[in-house]
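One-based numbering, in listed order, for ligands and for the atoms of each. Only a predicted model underlies this, so the values are computations on that prediction, with no experimental measurement involved.
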Amino acid sequence: MTKWNSLSASLMKRLKLHYQMSNSIPALSQVRSFTTSEGHRPAIIHKRSLDILHDPWFNKGTAFTMTERDRLDLRGLLPPNVMSSEQQIERFMVDLKRLEVQARDGPSDPNALAKWRILNRLHDRNETMYYKVLIAHIEEYAPIVYTPTVGLVCQNYSGLFRRPRGMYFSAEDRGEMMSMVYNWPADQVDMIVVTDGSRILGLGDLGVHGIGIAIGKLDLYVAAAGINPQRVLPVMIDVGTNNEKLLKDPLYLGLQQNRLDGDEYLAIIDEFMEAVFTRWPHVIVQFEDFQSKWAFKLLQRYRNTYRMFNDDVQGTAGVAIAGLLGAVRAQGRPMIDFPKQKIVVAGAGSAGIGVLNAARKTMARMLGNNESAFEAARSQFWVVDAQGLITEERENIDQDASPFARKVKEINRQGLREGASLVEVVQQVKPDVLLGLSAVGGLFTKEVLEALKGSTATRPAIFAMSNPTTNAECTPEQAFSILGENVIFASGSPFKDVDFGNGHIGHCNQGNNMYLFPGIGLGTLLSGAPIVSDGMLQAAAECLAAYMTEDEVHEGIIYPSISSIRDITKEIAAAVIMEAIEEDLVEGYRGVDARELQKFSKEQILEFVKNNMWSPEYPTLVYNQD
Ligand SMILES: NC(=O)c1ccc[n+]([C@@H]2O[C@H](COP(=O)([O-])OP(=O)(O)OC[C@H]3O[C@@H](n4cnc5c(N)ncnc54)[C@H](O)[C@@H]3O)[C@@H](O)[C@H]2O)c1
Ligand SMILES: O=C(O)C[C@H](O)C(=O)O
Ligand SMILES: [Mg+2]
């Protein structure tokens, strides 16, 4: 059975080819001519000599040929031996591998920061080589440049800061942003990741140190989506911090004042958005790690005006949907059974509510996509936050959580009540799925996991999605040791698979929004869509769900390996473009106009995406004075 026909009808309907193949469609070779990869054109630069060596976008180090050294005034500024990029990487890896001699396993070991420093220095010196290393070793180094080590980096940023990367818009720049945005040297920026540092992973308010997360996310945009590194921009919006330690830290690099709030805060974000979209009208802005109360408000404020999305709310929702659908398939059941799943969610913040809303909509669509279906879907979820089970009796209930407040009559029948503990909820509900987005490490205690043994599912699923590793609600070892080999396990941060010692392996899936945000960004960019619609996000999620074969999900593998993230991202970007075409949102991209895009078949869209994914190859450099 192919991975496509195992999907429920509703998914297949959405993933069917959207085009009537007609003879007016340009031949594939013509598609190639539309979308010649930039890789072969010389790069025109307006600098020479040391300025090139100090510019990580153009520096090649010892790989500059003697011809280029003469042409660009580099002769004598480098050791005489011209190295190939492969030789350069081999030399670099020797230095990096030296760390592993003493290091214990796992990204949480003390050498993780040392590895990050070595990679960061390469990033500051030679971007082409940095991304060549990252792409070639993505499984090994994503946990260093991204979750979980990037959390450690943000916590230690004052001490780690060497060369600036990205832009900082602060409360002291009010009225200046429209002009200061021109201080960034790139005339074209495709992707911005912006954070205000208010909720970095599960580590809370890290103020200006949050820039590390924006840099880490954009590393994946380059490595997974092939966004040109010269066209990405990490942004920190520094409106102060409520982190007492940072407010007192003499080394703190940010504004040492409490966070702005209310209209003053909004005015800063408004000014920032206006400035970047004035300078780069086609840029896409990803909001990252904003505290929940602003994550939702800013998303609603901007999503119909600008090309923006919130990764924690919308990216996470899509990844969770794909995993939840995979968990249904793993039980040998058709996807259409998803609406029968009983799901307990621990955490009702930006991520938890995002997942709940998306899961409810997906269930409703499978149940007929009408008001009664939407209402029926609501009863499949039990939500527990820091005050326990959320019911209609909750005082000062968070408006975003209120659609999921359980009715008192219902829960009394189940022997539950307002504020019931997670253990009680799991014991009474016997859920198919226990999903954590609480930021509380170890929340799924032995008692909670024992209670899950009462699940009515043949293969209960645990999604311990909080980051970084220390905040995971439980480890795979804890899950498999208590619930047995049959349980489906996914976590937000990477863990090693569990060897049961009997020839069987407990697969530890990584349920992380890294599987979606690169494809969402790339698909939106290449489609030219002026906004990121719900349909585009849903198409991305369903494409990720469809990516896994029957055999894989039956093995308990509900997410792909990160080593195939570039291929996944290509597929997801194509699905996003197809949906944008379906919704008549396409406006074209760099020489391919909307009309041409609308005539492409799925294969031609995949080819178009592939041809527009940057790869780390040294371009030929040509100097031009003006
Ligand atoms: N895997 C991923 O791709 C992914 C994506 C986004 C966020 N996350 C992670 O999810 C976590 C939460 O992110 P967020 O933005 O929603 O944070 P948040 O602070 O907005 O929300 C946290 C929620 O957890 C609840 N909570 C706190 N203590 C609890 C407890 N003891 N029991 C039950 N619930 C409790 C809070 O009441 C709140 O509703 C973070 O660790 C973040 O790194 C993971
Ligand atoms: O950053 C990640 O690894 C995922 C997510 O965006 C998070 O905030 O945890
Ligand atoms: Mg995040």
Query raised in the report: Which part of L437 is near ligand 1, with near meaning a heavy atom under 4.0 Å away: side chain, backbone, both or neither?
Result: both
Query raised in the report: Should we count CD of E477 as having more than 12 external heavy atoms under 6.0 Å?
Result: yes
Report task. Mark up the atoms of ligand 2 that fall under 4.0 Å of a heavy atom belonging to R199, in ascending order. Result -> 8 (O)
Query raised in the report: Is the shortest side-chain N to carboxylate O distance from R365 to E542 below 4.0 Å?
Result: yes
Query - Closest non-hydrogen atom pair, V313 against A295 - result: CG2-CB, 4.2 Å
Requested in this report: Please work out whether any backbone atom (N, CA, C, O) or any side-chain heavy atom from C-beta onward of K217 is under 4.0 Å from ligand 2, and answer side chain, backbone, both or neither.
Outcome: side chain
Query raised in the report: Identify the closest protein heavy atom to atom 5 (C) of ligand 2: which residue and atom is it, and at what distance?
Result: N513 ND2, 3.3 Å
Requested in this report: Would you please classify the geometry between the F489 ring and the F495 ring as parallel, tilted or perpendicular, with 30° and 60° separating the classes?
Outcome: perpendicular
Query raised in the report: For ligand 2, is any non-hydrogen atom under 4.0 Å from T316's backbone (N, CA, C, O), its side chain (CB onward), both, or neither?
Result: neither
Query raised in the report: Checking S493 side chain against P148 main chain: does a donor-acceptor pair fall under 3.5 Å?
Result: no
Requested in this report: For ligand 1, find out whether one of its N or O atoms is nearer than 3.5 Å to an N or O atom of N471.
Outcome: no
**Report entry** Min heavy-atom dist V384 to ligand 1 below 4.0 Å
**Finding:** yes
Query raised in the report: In the protein, what heavy atom is nearest to atom 21 (O) of ligand 1, and what distance, to one decimal place, separates them?
Result: G349 CA, 3.3 Å
Query raised in the report: Does R199 approach ligand 1 within less than 4.0 angstrom via side chain, backbone, both or neither, non-hydrogen atoms only?
Result: side chain
Query raised in the report: Any nitrogen or oxygen of G511, main chain or side chain, under 3.5 Å from a nitrogen or oxygen of ligand 1?
Result: yes
Query raised in the report: What closest approach, in Å, do L255 and D238 show between heavy atoms, and which atom pair accounts for it?
Result: N-OD2, 2.8 Å
Query raised in the report: Is A346 close to ligand 1, meaning an N/O of one under 3.5 Å from an N/O of the other?
Result: no
Query raised in the report: Considering only heavy atoms from C-beta outward, does the side chain of P403 approach that of R360 to under 4.5 Å?
Result: yes
Query raised in the report: Would a 4.5 Å heavy-atom cut-off, applied to side chains only, mark V235 and V276 as touching?
Result: no
Query raised in the report: Would you find a donor on one side and an acceptor on the other, under 3.5 Å apart, between the side chain of S455 and the backbone of P431?
Result: yes
Query raised in the report: Do the ring planes of Y515 and Y559 sit parallel (below 30°), tilted (30 to 60°) or perpendicular (above 60°)?
Result: parallel
Query raised in the report: Has ligand 1 got any nitrogen or oxygen that is less than 3.5 angstrom from a nitrogen or oxygen of D312?
Result: no
Report task. Would you indicate whether the side-chain heavy atoms of Y302 and I269 approach each other to under 4.5 Å? Result -> yes
Query - Salt bridge flag under 4.0 Å for residues E424 and R417 - result: yes
Report task. State, yes or no, whether a side-chain contact exists between I520 and F309 at a heavy-atom distance under 4.5 Å. Result -> yes
Report summary line: In this structure, atom 28 (N) of ligand 1 is nearest to the protein heavy atom V440 CG2, 3.4 Å
Query raised in the report: Of the non-hydrogen atoms in Y252 and L246, which two are nearest, and what is the gap between them?
Result: CB-O, 3.5 Å
Query raised in the report: salt bridge (Lys or Arg N to Asp or Glu O under 4.0 Å) with K293: which of D400, D398, D196, D261?
Result: D261
Query raised in the report: Is it the side chain, the backbone, both or neither of L443 that has a heavy atom closer than 4.0 Å to ligand 1?
Result: side chain
Query raised in the report: What protein heavy atom is closest to atom 9 (O) of ligand 2, reported as residue, atom name and distance in Å?
Result: N467 ND2, 2.9 Å
Query raised in the report: In D289, the N, O or S atom nearest to the Mg ion (ligand 3) is which?
Result: OD1
Report task. Tell me, with the steps shown, if N471 and L201 meet side chain to side chain contact (heavy atoms under 4.5 Å, CB included). Result -> CA-CA 9 Å; N471 293 58; L201 300 179; over 6 Å; no
Query - Of the N, O or S atoms in E288, the one nearest the Mg ion (ligand 3) - result: OE2
Query raised in the report: Which option, A490, G442, S466, owns the non-hydrogen atom nearest atom 9 (C) of ligand 1?
Result: S466
Query raised in the report: To which protein heavy atom is atom 39 (O) of ligand 1 closest, and what is the distance rounded to 0.1 Å?
Result: A348 N, 2.9 Å
Report task. Please could you name the atoms of ligand 1 that G347 approaches to less than 4.0 Å, counting only its heavy atoms? Result -> 23 (C), 24 (O), 25 (C), 34 (N), 39 (O)
Query - Enumerated ligand 2 atoms positioned under 4.0 Å from heavy atoms of N512 - result: 2 (C), 3 (O), 4 (C)
Query raised in the report: Quick one: does V319 get within less than 4.0 Å of ligand 1, heavy atoms only?
Result: no
Report summary line: Of all protein heavy atoms, the one nearest atom 3 (O) of ligand 1 is N513 N, 2.9 Å
Query raised in the report: How close does the nearest protein non-hydrogen atom get to atom 5 (C) of ligand 1, and which residue and atom is it?
Result: T316 OG1, 2.9 Å
**Report entry** Distance from atom 20 (O) of ligand 1 to nearest protein heavy atom, with residue and atom
**Finding:** S292 OG, 2.3 Å
Query raised in the report: Counting from 1, what ligand 2 atoms have a heavy atom of T147 closer than 4.0 Å?
Result: 1 (O), 2 (C), 3 (O)
Query - Identity and separation of the nearest protein heavy atom to atom 44 (C) of ligand 1 - result: M465 O, 3.2 Å
Query raised in the report: When you measure from the Mg ion (ligand 3) to each N, O or S atom of D312, which atom gives the shortest distance?
Result: OD1
Requested in this report: Write out the residue and atom name of the closest protein heavy atom to atom 26 (N) of ligand 1, then the distance separating them to 0.1 Å.
Outcome: A386 N, 3.7 Å
Query raised in the report: Judged by atom type as modelled, is there a donor-acceptor pair below 3.5 Å linking the side chain of T569 to the main-chain atoms of I565?
Result: yes
Report task. Examine the side chains of K217 and Y146 and answer whether a donor and an acceptor come within less than 3.5 Å of each other. Result -> yes
Report summary line: Counting from 1 in the order shown, the ligand 2 atoms closer than 4.0 Å to a non-hydrogen atom of D312 are 5 (C), 6 (O), 7 (C), 8 (O)
Query raised in the report: For ligand 1, which atoms sit closer than 4.0 Å to a heavy atom of G492?
Result: 1 (N)
Report task. Return a yes/no value for A351: is any of its N or O atoms, backbone included, closer than 3.5 angstrom to an N or O of ligand 1? Result -> yes
